[in-house]
Amino acid sequence: MSAVKNIDTTCVIVGGGPAGMIAGLLLARAGVEVTVLEKHADFLRDFRGDTVHPSTLRLLDELGLAERFAALPQTRLEHVAFPVDGGSVTIADFTRLHTPHPYIAMVPQWDLLDLLADAAHREPTFTLRMNTRATGLLREGERVVGVEYEGADGPGQIRADLTLACDGRRSLLRDLTGLDSKDFPLDVDAWWFRLPGSGPEELALSPRAGARRFMVVFPREGYLQIAYIGPKGTDAELRERGVSAFRRDIGELAPELAERTDALTSMDEVKHLDVRMDRLRRWHSDGLLCIGDAAHAMSPVGGVGINLAVQDAVAAATLLAGPLRRGRPTPAQLARVRRRRLLPTMLVQALQRGIHRNVVTPILEGQRAGPPKPIIAALRRFPALTRVPAHLVGLGLRPEHAPEFARRAPQDPRNSRPASSGSSGPA
């Protein structure tokens, strides 16, 4: 395909993660010309967040993608439990939710993104440009009118009526716009790694705590993805201790996995995540809107970041498709997205801060090895209470539904093709 140095579109979306791909799919189904920029050459990367919650599963139903999603390799988790006193206590029971999919689906995120990309490619107004990195903003006075980019075909510019920042917690566009944020300091970090083989079912999403550290196991197809949680600022110390000491830590936390830790041959296989939580005070400037992690970085607790980002994307597409078809959305119209999504975001962040304060920090400080005893007692005496955290984590305060213009009949999983590694769709 010939190099394109300057492009005009209606909406340019920076970031081909779940928020960007959902927003692009929905806007394209509304007839809006949309271009998604993804800086990597493909989706085959080691994503940390592969949880697809009930709210997102219901959305896929509405988009006609349920059958194709069900054909993806996945593990279904119905409960989140915490080991205590030689047994366990259920914290969240998703089977109590009144929803078509009362469980969390553990799916490699690249498979989900490939599915969304293929569905979007069926829309004539959709373009996905892989291996294309946004490098700056185009402005006319104070208004953002697009982005500068660096792609496989060299540098270029994309002018657009709306620039949608979906480029994550380290958002370049957010920084370039200078939007102010409220930060919520957290005293923990996370380290991610893999161990081979499937795991005991009771390990799935069941935190293992002890000796000022804990970890959570996420089952995958043929391997386990593990989050090791420790005090913030200790990455250098952890690496200095070496891989042998790290393997002993894992074996002490989960003796069932001790024999597998030999698969870790170097601390280079252990990836550090600087855990942070913040929220923009204003999500937009004239011509630009931030959603997902670009608007509100979340703690990995509960794995809700991806699903909140998806809900943001649905709200943005629903509220802005009409204005984009008519012309350039006004700042007041962009502000409506934040107003709709602010309360659910604040509630989840408050829940996460409470878990950090009452569970995570006491464990890391050696005060106890699990949730507070009154909470454990209440959950054991009144099991129906497990529906509350399940609802907050699985559905949220305001789960978004697909707008009518985006709904489709189910797609046959056999009629699909892989996402393109370059530009596709109208240029």
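- Atom CG of L347 sits about 7.0 Å away from atom CG of L351, to the nearest 0.5 Å.
- Under the 4.5 Å side-chain criterion, counting only non-hydrogen atoms from C-beta, V34 is not in contact with T10.
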Kindly determine whether E400 and E62 satisfy side-chain contact (heavy atoms from CB on, under 4.5 Å), including the steps that lead there.
CA-CA 11 Å; E400 303 288 347; E62 296 165 348; over 6 Å; no
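- Without hydrogens or angle criteria, R159 side chain to L138 main chain gives no donor-acceptor distance under 3.5 Å.
- Other residues, nucleotides and ligands contribute only 12 or fewer heavy atoms inside 6.0 Å of the CD atom of E259.
- Although no hydrogens or angles enter the test, the distance criterion places a donor-acceptor pair under 3.5 Å between the side chain of D93 and the main chain of T95.
- F43 places none of its side-chain heavy atoms less than 4.5 Å from the side chain of Q109.
- Remark: Q367 CD is packed, more than 12 non-hydrogen atoms of other residues, nucleotides or ligands lying under 6.0 Å away.
- Annotation: side chain of H391 is not in contact with side chain of H98 (no heavy-atom distance under 4.5 Å).
- Side-chain atoms of T265 and E269 include a donor-acceptor pair closer than 3.5 Å.
- Counting only heavy atoms from C-beta outward, the side chains of L65 and L59 never approach each other to under 4.5 Å.
- Not one N or O on the side chain of T35 forms a donor-acceptor pair closer than 3.5 Å with the backbone of V12.
- Residue R381 places its CZ atom among 12 or fewer non-hydrogen atoms of other residues, nucleotides or ligands, all under 6.0 Å distant.
- Contact annotation: the side chain of T99 never approaches that of F94 to less than 4.5 Å [non-hydrogen atoms, C-beta and beyond].
- R341 pairs in a side chain to side chain contact (heavy atoms under 4.5 Å, CB included) with only one of the listed residues (I291, L308, V314), which is L308.
- We find that E123 and R29 are joined by a salt bridge, their nearest charged nitrogen and carboxylate oxygen being less than 4.0 Å apart.
- One finds the CD atom of Q311 at 11.0 Å from the NE2 atom of H53 (value rounded to the nearest 0.5 Å).
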T318 vs R340, side-chain contact (heavy atoms from CB on, under 4.5 Å): CA-CA, chis, key distance, verdict
CA-CA 11 Å; T318 302; R340 179 169 181 83; over 6 Å; no
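- From D312, atom CG reaches atom CG of N307 across 11.0 Å, with rounding to the nearest 0.5 Å.
- Although no hydrogens or angles enter the test, the distance criterion places no donor-acceptor pair under 3.5 Å between the side chain of R58 and the main chain of P100.
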Start with the C-alpha gap between D293 and R174, add the side-chain angles, then the distance that decides, and say whether salt bridge (Lys or Arg N to Asp or Glu O under 4.0 Å) holds.
CA-CA 10 Å; D293 278 355; R174 162 178 164 167; over 6 Å; no
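- Contact between T90 and T386 at its shortest, heavy atoms only, is O-CG2, 3.3 Å.
- Interatomic distance, OG1 of T330 versus CZ of R336, reported as 9.0 Å (0.5 Å rounding).
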Applying salt bridge (Lys or Arg N to Asp or Glu O under 4.0 Å), run through K232 and D274 and close with a yes or a no.
CA-CA 8 Å; K232 182 172 286 293; D274 178 20; 2.6 Å; yes
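- Separation of atoms OG1 (T177) and CG (L289) is listed at 10.5 Å; rounding is to 0.5 Å.
- Q352 is listed as a side-chain neighbour of V304, based on a closest heavy-atom distance under 4.5 Å.
- Here the closest non-hydrogen pair linking A313 and A23 is CB-N, 3.8 Å.
- Side-chain atoms of D278 come within 3.5 Å of backbone atoms of A297 as a donor-acceptor pair (strictly under, hydrogens ignored).
- Contact detail for G396 and P399: the closest heavy-atom pair is O-CD, 3.6 Å.
- In terms of heavy-atom proximity, L173 sits nearest to D167 at N-OD2, 3.3 Å.
- Put simply, the side chain of D189 does not reach to within 4.5 Å of the side chain of T234, judged on heavy atoms.
- With sequence neighbours excluded, the residues forming a side-chain contact (heavy atoms from CB on, under 4.5 Å) with V89 are F82, V84, I91, I376, L379, R380, listed by chain and number.
- Between L224 and R260 there is a side-chain heavy-atom pair separated by less than 4.5 Å.
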Apply the test side-chain contact (heavy atoms from CB on, under 4.5 Å) to residues L257 and V217: give CA-CA distance (whole Å), side-chain angles for both, the deciding distance (0.1 Å), then the verdict.
CA-CA 10 Å; L257 302 180; V217 179; 4.3 Å; yes
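- The two residues A120 and F126 make their nearest non-hydrogen contact at O-CB, 3.3 Å.
- At distances below 3.5 Å, not a single donor-acceptor pair connects side-chain atoms of R96 with backbone N or O atoms of R387.
- H296 is linked by a ring-ring contact (aromatic ring centres under 6.0 Å, His included) to W283, counting only residues two or more places apart in sequence or in another chain.
- Closest approach of L113 to P18, counting heavy atoms only: CD2-N, 3.6 Å.
- The distance from atom OG of S181 to atom CZ of R279, rounded to the nearest 0.5 Å, is 10.0 Å.
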